[in-house]
A.B. asks: 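Shown below is the structure under consideration.
These numbers come from a predicted model, not from an experiment. Whatever order the structure lists ligands and atoms in, that order sets their numbers, starting from 1.
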Amino acid sequence: MVVRIGVLLVMLVAQVSADQAIIDAKARFHPLLAGSGMVVSQERLASEVGAAILAEGGNAIDAAVATGFALAVTLPRAGNIGGGGFMLVYLAEQRRTVAIDYREMAPRSARPDMFLDAQGNVDTQRARFGIDATAIPGTVAGLLHALERYGSMSREQVMAPAIALAANGIRVSADLSESLQARAQRLLADPASAGYFYRADGSAPAIGSQLYQPDLAATLQRISDRGRDEFYAGKTADLMVATIASHGGQLDHRDLASYRVVERQPVCGSYRGNTVCAMPPPSSGGVHLIQMLNILENWDLRSLGHNSAAYLHRLIESMRRAYADRSRYLGDPDFYQVPVLALTDKGYAARSAEQIPLDKAGDSAAVAPGLELQESFETTHYSTWDRSGNVVSNTYTLNFSYGNGKSVAGAGFLLNNEMDDFSAKRGAANGFGLLGEEANKIEPYKRPLSSMTPALVFAADGQPLLATGSPGGSTIITVVLQTLLNYLEFGMNIAEATAAPRIHHQWWPDKVFWEQGISADSRAILTAMGHQFELAPRVLGATMSVSRQQQWLQGAADYRRSEAAAAGAY
Ligand code: GLY
């Protein structure tokens, strides 16, 4: 078999054997014959790492773990070992989907009022950028859990590419240079972050220069050598606790040692005969994805026309209802009984659909809680698919872009600011403008509510059809919803489904955020019905998807992120 492997891949993965595979990256839309492997992520080098693992004979889980560690090097604003996330794994032989929850946990010192000032108001600076915004990271435990339970390769094999990227340096893309420039104020305030990501004069690394991360390479090497314990109880733990203490933070060794990964039942529903599975609480993503699909299934959307005013109205009103429920009922299921079955019940959806007036906008009737959509939504998603039909859909994050901006001195990685995903005060908005109540209040060892929505779709015969997910904070759920509807309802292929312009509504603020491409005619009709439109401050989401369509396996990397790439192994 002919072998075409880029120089970079030869450097990264020395032992791709001659008769194994052709690896082909960079493509935005990448159709291959079924029986191939595919990795789609927000950053090209990481996609190539995953594809190389598939080419070496690894399965989708091996590729997902390798891609996750690689993104921690190549996409420091969202790829991480200092954050947490969710992974859905479809195991082809067992025809079973597993939901791995490696969301961060609040340290035991956490209290419901920990971010309130003397007047009882939320101190948003501390909740978002202070050291106590950092929750116990879950990524290392989560990725290694997936590898040990469902992977086929050794830790050393899947971590070697990430270690090489950190040690040998990565070429700085325009995307990386610009994002570091955009966050310079926050990151330069922290000497460790300044040293890791900026030049001596405080400027961001130039496009085309090399970014070397020797401390991160050493940390990854220690984890590769010693496993999970290195991160939660070894030298890395010591460095993390020392950094946090130096900033006056509380998170300590006991907290790190207490971290645990949880395997949960995915939340599944059906849409026009297909099965849709996504992440259950503590993500709100799966519940509200299914809830909105259930409501929307009550109308013949296709006959209304894609992104017509009539269609968008139904979409907006479904979103309004789902996000109102989110604020009341969603939280960590280990602390609060989330009514998952009731919220995803078809009867409840039918009643909601009946109550939606079709001639005028609904009314969120909420008091302005403050901040609206303004943070950059830098979570990241990737999907992997192997030749045996195992599939992984993984979303992980530091919360805001570059987390709270503080790096672990000597260990080379950024800390998350996931504590802001809790509800710091009943009815006060978090950094994504989301409201919360009792269900998501801060408690020791609790997991903050998330919107991350890794999702899998299955055909009526049970075979996987689609893996997708997105970054975008509160917009993640509505972005995934529209991708699924584009694909399942409007018959688009996954590239078309990815590219189509999107909207977002989240109950509060009572506005429809829209992307360029939503027609002025549709907006005019909807405005006359009482909807308020606001151009989204930036694009909505960035899906990284793999789908199966007839004999094709198709990867689609969203053009909304300039370095995103689908890498095939065949
Ligand atoms: N940190 C964003 C989310 O989990 O939804």
Side-chain angles (χ1 to χ4, degrees), residues 42 68 71 75 77-80 82-88 99-106 115 124 127-129 133-139 142 262 264 267 278-289 319 322-323 326-327 330-333 338 371-382 393-405 414-424 429-436 439-440 442 446-455 468-481 504 506-507 538 540-543:
Q42 193 178 323
L71 284 167
L75 189 75
R77 66 178 184 264
N80 69 82
F86 301 119
M87 182 184 286
L88 284 187
I100 301 175
D101 170 358
Y102 61 97
R103 181 71 162 165
E104 298 92 327
M105 293 166 69
F115 295 122
T124 52
R128 293 170 198 172
F129 307 113
T134 301
I136 310 167
T139 295
V262 185
R264 303 187 188 274
V267 55
M279 200 65 208
S283 177
S284 58
V287 167
H288 298 304
L289 178 68
M319 293 173 182
Y323 278 75
R326 182 190 191 279
S327 76
L330 269 285
D332 182 346
V338 181
L371 288 175
E372 299 180 2
L373 289 168
Q374 58 170 227
E375 251 302 323
S376 76
F377 299 145
E378 286 304 346
T379 292
T380 193
H381 180 85
Y382 57 89
S393 182
N394 186 87
T395 314
Y396 74 155
T397 189
L398 290 165
N399 194 21
F400 286 4
S401 191
Y402 298 100
N404 67 359
L414 283 149
L415 293 168
N416 69 77
N417 62 340
E418 216 67 67
M419 292 294 286
D420 188 56
D421 272 348
F422 280 115
S423 173
N430 75 357
F432 301 110
L434 289 167
L435 304 181
N440 190 33
I442 306 173
K446 190 174 179 180
R447 292 163 198 251
L449 182 60
S450 172
S451 298
M452 291 190 284
T453 314
T468 192
S470 176
S474 56
T475 70
I476 292 173
I477 316 171
T478 58
V479 166
V480 172
L481 171 72
H504 172 72
Q506 60 181 48
W507 176 57
R538 53 177 295 176
L540 294 172
T543 52

A.B. asks: Can you name the side-chain contact (heavy atoms from CB on, under 4.5 Å) partners of Asn440, sequence neighbours left out?
C.D. replies: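 Applying side-chain contact (heavy atoms from CB on, under 4.5 Å) to Asn440 gives Phe422, Ser423, Leu449.
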A.B. asks: Quick one: side-chain hydrogen bond (donor to acceptor under 3.5 Å, both in side chains) partners of Asp332, sequence neighbours excluded?
C.D. replies: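 Partners of Asp332 under the side-chain hydrogen bond (donor to acceptor under 3.5 Å, both in side chains) test: none.
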A.B. asks: Not counting sequence neighbours, which residues clear side-chain contact (heavy atoms from CB on, under 4.5 Å) with Ser283? List them please.
C.D. replies: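 With neighbours one apart ignored, the set is Phe86, Met279, Ser450.
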A.B. asks: For the residue pair Tyr102 and Asn394, confirm or rule out a side-chain donor-acceptor distance under 3.5 Å.
C.D. replies: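 Short answer, yes.
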A.B. asks: Can you list, by chain and residue number, every protein residue with a non-hydrogen atom closer than 4.0 Å to ligand 1?
C.D. replies: Arg103, Asn399, Glu418, Asp421, Phe432, Ser450, Ser451, Met452
A.B. asks: What's the verdict on side-chain contact (heavy atoms from CB on, under 4.5 Å) for Thr453 and His288, showing C-alpha distance, side-chain angles and the deciding distance?
C.D. replies: CA-CA 9 Å; Thr453 314; His288 298 304; over 6 Å; no
A.B. asks: Under the criterion side chain to side chain donor-acceptor pair (under 3.5 Å), which of Asn416, Thr134, Asn417 is the partner of Asn404?
C.D. replies: Thr134
